[in-house]
Amino acid sequence: MYQPNKIEPKWQKFWAKNNYKIWHAQDKPKGKHIYILDMFPYPSGEGLHVGHIEGYTASDILSRYYRMKGFEVLHPMGWDAFGLPAENYALHTKKNPKQVVAQNIKYFRKQLQQMGFSYDWQREINTTDPNYYKWTQWIFLQLYKNGLAYEDEVPVNWCPSCKTVLADEEVVEGRCERCGTAAVRKKLKQWILKITAMADRLLKDLDLLDWPARVKTMQKNWIGRSEGFDVEFKVVGQDAYVKVFTTRVDTIFGVTYLVLAPEHELVQKITKENYQDEVKDYVKKALQKSDFERLSAGKEKSGVFTGAYAINPSNRERVPIWVSDYALINYGTGAIMGVPRHDERDLAFAEQFHLPVKEVVVSDGTLINSGPFDGTPYKKAQEKIALYVGAKKTVRYKLRDWIFSRQRYWGEPIPIIKCEKCGLVPLKESQLPLKLPEIKKYEPTGKNESPLADISSWVNVKCPRCKGPAKREVNTMPQWAGSSWYFLRYLDPKDNKKLVDLKKEKAWMPVDIYIGGVEHAVLHLLYARFWHKLLYDLKIVSTPEPFVRLINQGIILGEDGEKMSKSRGNVISPNDIIKKYGADSLRMYEMFMGPLPFAKPWNSQGIIGVYRFLNRVWSLVSNSDLPLREAPPAGGRQSSPNKNGLEITPEAKKKLKENLKEIEKARHKTIKKVTEDIENLRFNTAISTLMEYVNQLYEVPREKINKQHKETLVLLLSPFAPHLAEELWQAALKHRKSVGLERWPVFKSELAEENSFILAVQINGKIRDKIKAQKGIDEVQAQKIARESKKVKKYLDKQKIKKVIFVKDRLINFVTEIKNNK
RNA sequence: GCGGACGUGGUGAAAUUGGAAAACACAUAGGACUUAGGAUCCUAUGCCGAAAGGUUUGUGGGUUCGAGUCCCACCGUCCGCACCA
């Protein structure tokens with residue numbers, strides 16, 4: 001009997017010998033090599049999820065396959081362990097985050113090993129290990145030295161529940177990505193990374209990548225490049241200008257008002273005396289609003305008049321200046337020109353406050369009411385109008401700089417010292433790692449600082465420059481820091497002198513295949529690309545992009561078709577499945593469910609299908625648990641071989657011989673198809689091909705199946721179900737080395753091809769007969785065969801053939817004069 | 001609202017890219033073997049029909065000898081963005 005719970009631990013132990021030496025990759029591979037990477041997990045308290053297993057199985061199949069193809073394969077694993085989930089879990093269980101993380105990692109590692117994933121455990125990394133985060137801090141210093149890290153007091157998103165600042169990327173629909181609490185605005189002094197400096201490169205280099213279109217689009221939209229013009233409007237009676245950004249400078253003659261964002265510095269300055277109270281009141285309220293409240297206002301606009309006017313540079317008209325929170329301070333110039341006739345939002349605003357609406361572009365695209373430009377197509381007029389009003393061509397991005405400080409304990413300390421005399425003083429590289437101190441109270445304080453602020457022995461230091469009293473930066477880095485470069489550390493995980501040895505880096509980078517969920521599209525994947533570009537500029541790495549090819553696995557839904565969640569009670573636990581059916585069945589089922597990128601609902605019955613299949617493979621190859629296929633094939637045929645199979649009728653003998661020939665052909669076809677499917681990541685059809693092969697083997701008496709038939713099956717199956725394959729390879733087929741070290745089987749093209757085919761005979765495009773024919777026959781032969789068919793004759797009788805379409809090895813279509821179908 | 005993807009049996013899905021629709025599984029029904037079966041094996045299974053045959057890829061149209069695949073319109077589902085000037 002196939003007993004996964006017996007054989008799986010046995011082979012897991014076998015693979016674990018010498019710290020998994022069997023899967024250890026060379027530092028500098030000489031021949032063909034491939035870097036296959038998983039998005040490393042966050043070791044939360046819940047353990048591995050079926051979603052992790054989906055992606056990890058896919059990458060494991062590829063890794064095992066490429067090893068057998070003779071590639072040196074780098075397939076590492078590690079832990080992304082800093083950040084809120086681990087810390088919150090620690091708070092919740094009243095344990096120390098360090099302990100919690102160690103415990104969770106242990107559990108995760110065990111689960112991954114139970115799945116039989118072929119990781120190179122000698123390269124395991126952990127982002128919370130000081131030997132690791134030394135280099136995260138080192139990269140921060142490089143960012144600082146290159147002007148890409150700065151401190152500034154800016155309005156930021158604050159999560160009142162997590163008690164920390166959030167990056168824009170971590171705020172989804174105005175809510176904290178982690179806990180769902182509405183984020184509020186706060187003005188805080190923060191470390192900020194200048195990702196906008198790389199905006200253009202991050203956008204352009206997307207062209208170098210073989211990534212899912214939707215991820216590229218998301219990054220493109222997130223970066224949000226737009227070309228336009230900055231235009232200045234002189235404020236009437238004051239020495240001030242309102243600078244606006246517009247992509248439609250050609251509509252400037254249609255401007256009927258200007259809007260300043262509530263935070264705009266000019267607001268106070270230009271507001272007229274008797275409007276001050278009202279404006280101040282509005283600004284105050286606007287600043288208190290959370291992003292969520294601002295968003296939920298929808299089309300409803302609010303605003304207040306400042307009493308001031310500006311001169312429209314195009315037509316010298318006086319236009320009122322308003323304040324409204326629909327103008328955003330952190331995009332463009334924080335001020336906009338209102339063109340109600342040609343902008344939906346402006347129209348809503350104008351209607352609400354009864355401001356004039358002026359048409360300047362008519363439906364055929366030519367300008368009116370535009371002075372000297374009347375009658376010109378608006379697109380052509382852009383540059384000229386810009387010149388006319390003294391506008392300056394500008395490129396703006398939606399992308400904003402990355403707010404990098406977190407007011408929490410469990411993160412990398414920022415290696416900066418603040419001295420009253422010398423200002424910001426970065427630590428020397430030799431002083432890294434700056435270790436996160438052990439601490440008793442690590443609850444977030446909510447006081448805009450991390451709990452590190454309370455440890456005076458750690459905070460108070462001598463300034464490295466002037467030796468005077470100074471303080472350490474007390475905030476920590478966000479969860480995304482450690483994951484922005486981890487794929488490099490796998491190449492050289494123990495190097496204390498360098499982040500990564502350049503030779504090793506050159507040998508392996510870039511990552512050839514990166515598999516993970518789509519949820520990181522504008523977070524991790526954008527941040528990692530950003531850091532990589534700095535490292536590229538510093539010649540630490542040799543490629544401008546870290547991940548050449550990205551594959552998103554689709555999420556696995558609960559049996560009810562809904563997203564798995566504790567509250568819905570539809571979570572499938574991998575442990576339960578392994579217990580019942582074994583890791584191999586779990587791996588295969590997740591691959592068999594459907595194409596890797598699809599969202600797929602779990603089906604408890606479905607896994608039984610692959611479990612049965614593995615049972616059939618086991619009994620076939622190990623020659624036990626017969627039932628052999630000795631009964632008559634089908635339809636209750638009379639002349640069948642008798643039970644012991646000794647007396648065989650000539651008819652059955654002939655059939656058997658044909659069967660065996662067919663099986664050999666099937667073997668080659670199976671190799672071909674499975675190979676192609678794996679290379680194209682079509683694991684579901686690779687598995688169904690293996691099933692078909694096994695079904696065919698069951699068609700012939702067991703004793704007629706030779707060793708090669710079985711070996712091919714085991715080899716092809718081994719990336720999918722490695723434990724079973726190992727058991728069959730070593731225990732049943734008596735081989736001495738691991739099936740994973742064997743060579744992938746090869747096929748002969750001439751045997752993988754059928755030499756006959758079914759000729760589809762169509763009359764006017766309708767199938768009327770299907771006739772078996774030799775491959776390669778020409779049209780004349782095909783016509784002859786087709787015309788002999790009674791069925792075809794019936795239809796062709798008395799019909800005049802107008803045209804014959806012949807498709808080689810496929811079909812012949814007779815088109816007749818009178819179309820009797822339509 | 002804008003952008004993208006998708007729509008095939010009772011279910012998950014296949015379909016060499018314009019050439020036999022529904023492979024492989026699940027489920028269901030019948031049978032075999034069994035003390036027993038929720039194990040295993042066999043058979044059937046898109047729909048209508050006893051059969052011959054007809055018919056079928058969200059709906060409607062188009063291109064073509066031929067459309068699940070290409071084009072147009074509509075309906076529906078999912079995802080992303082969402083005051084970005």
Side-chain angles (χ1 to χ4, degrees), chain A residues 1 173 212-215 217-218 220-222 224-226 228 244-248 251 259 294-295 297-301 324-328 330-339 342-346 348-349 396-400 518 521-522 561 589 592-595 597-610 612-613 615-616 619 625-636 673 676 682 684-692 694-695 698 757-767 769-770 802-816 819:
Chain A
M1 249 190 87
E173 289 182 352
R214 118 178 126 130
V215 177
T217 309
M218 277 165 81
K220 239 175 238 169
N221 292 342
W222 190 261
R225 183 182 199 272
S226 37
V244 304
F245 173 67
T246 178
T247 53
R248 292 293 307 276
T251 63
V259 181
R294 273 179 130 178
L295 280 172
K299 280 193 177 154
E300 201 87 346
K301 300 268 182 288
S324 169
D325 64 6
Y326 93 92
L328 306 172
N330 43 16
Y331 183 75
T333 59
I336 52 180
M337 58 184 214
V339 188
H342 304 291
D343 184 286
E344 223 179 298
R345 297 149 302 181
D346 294 348
F349 188 82
R396 302 268 179 193
Y397 299 91
K398 281 206 281 192
L399 183 72
R400 279 155 213 165
V518 73
V522 291
Y589 175 57
F592 185 61
M593 287 170 88
F598 281 30
K600 301 160 283 252
W602 184 269
N603 180 346
S604 294
Q605 294 298 329
I607 194 163
I608 290 173
V610 296
R612 273 184 203 145
F613 166 70
N615 266 288
R616 278 157 71 82
S619 97
D625 284 355
L626 317 173
L628 290 183
R629 172 66 136 82
E630 286 154 325
K673 183 73 167 40
E676 286 169 359
R682 289 190 300 239
N684 55 330
T685 49
I687 291 170
S688 57
T689 304
L690 288 169
M691 287 172 166
E692 281 180 88
V694 169
N695 289 347
Y698 268 77
F757 74 103
I758 305 293
L759 177 72
V761 184
Q762 299 183 339
I763 286 131
N764 295 323
K766 284 213 170 221
I767 302 275
D769 203 2
K770 299 164 187 177
K802 214 168 84 183
K803 198 170 165 189
V804 178
I805 312 276
F806 174 68
V807 181
K808 206 182 154 203
D809 296 345
R810 210 162 296 251
L811 61 78
I812 186 153
N813 185 11
F814 296 96
V815 184
T816 65
K819 281 197 172 183

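Keep in mind that what you see is a predicted model, and the values were worked out from it rather than measured. Below, chains carry the letters A, B, ... as their sequence lines are ordered, and counting in each starts from 1.
- Put simply, the side chain of Lys301(A) and the base of rC83(B) share a donor and an acceptor less than 3.5 Å apart.
- The side chain to side chain contact (heavy atoms under 4.5 Å, CB included) check on Arg612(A) picks up Ile608(A), with sequence neighbours excluded.
- Taking the six-membered ring where the residue is Trp, Tyr326(A) and Phe349(A) present tilted rings, their angle falling between 30° and 60°.
- If you check every strand for non-hydrogen atoms under 4.0 Å, Thr217(A) touches nothing.
- One finds no side-chain N or O of Tyr326(A) lying less than 4.0 angstrom from the OP1 or OP2 phosphate oxygen of rA85(B).
- Residues meeting the ring pair (Phe, Tyr, Trp, His ring centres under 6.0 Å) test with Trp222(A), sequence neighbours left out: none.
- Whole-Å rounding puts the Phe349(A) CZ to rC83(B) P distance at 16 Å.
- For Arg225(A), the salt bridge (charged side-chain N to carboxylate O under 4.0 Å, His left out) partners are Asp200(A), Glu227(A), not counting sequence neighbours.
- Qualifying side chain to side chain contact (heavy atoms under 4.5 Å, CB included) partners for Pro595(A), counting only residues two or more places apart in sequence or in other chains: Pro597(A), Phe598(A), Asn684(A).
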For this session: Summarise how protein sits on nucleotides 12-26 of chain B as a single string, 5' to 3': B when a protein heavy atom is under 4.0 Å from the base, S for sugar-phosphate-only contact, - for no contact.
Result: BSS-B--BB--BBSS

Seminar exercise, completed: Output field dot_bracket for RNA chain B (Watson-Crick or G-U, both distances under 3.5 Å, | for other-strand pairs) contains (((((((..(((......[....))).(((((.......))))).(((....)))..(((((..]....))))))))))))....

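- Contacts of Asp809(A) classified as side chain to side chain contact (heavy atoms under 4.5 Å, CB included), with partners at least two apart in sequence or in another chain: Phe757(A), Lys775(A).
- Residues passing the side chain to side chain contact (heavy atoms under 4.5 Å, CB included) test with Arg396(A), sequence neighbours excluded: Asp230(A), Phe245(A), Tyr331(A), Thr333(A), Thr394(A).
- Listed by chain and number, the residues in a ring pair (Phe, Tyr, Trp, His ring centres under 6.0 Å) with Phe592(A) amount to none (sequence neighbours excluded).
- Among residues two or more places apart in sequence or in another chain, the side chain to side chain donor-acceptor pair (under 3.5 Å) test is passed with Arg248(A) by Asp250(A).
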Distances under 3.5 Å only, N/O to N/O: pair up the protein atoms with those of nucleotides 79-81 of chain B.
from	atom 1	to	atom 2	distance (Å)
rC79(B)	O2'	Arg214(A)	NH1	3.1

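- Taking the side chain to side chain donor-acceptor pair (under 3.5 Å) definition, one finds that Lys398(A) meets it with nothing, sequence neighbours left out.
- Between the CZ atom of Arg400(A) and the C1' atom of rA82(B) there is a distance of 12 Å, given to the nearest Å.
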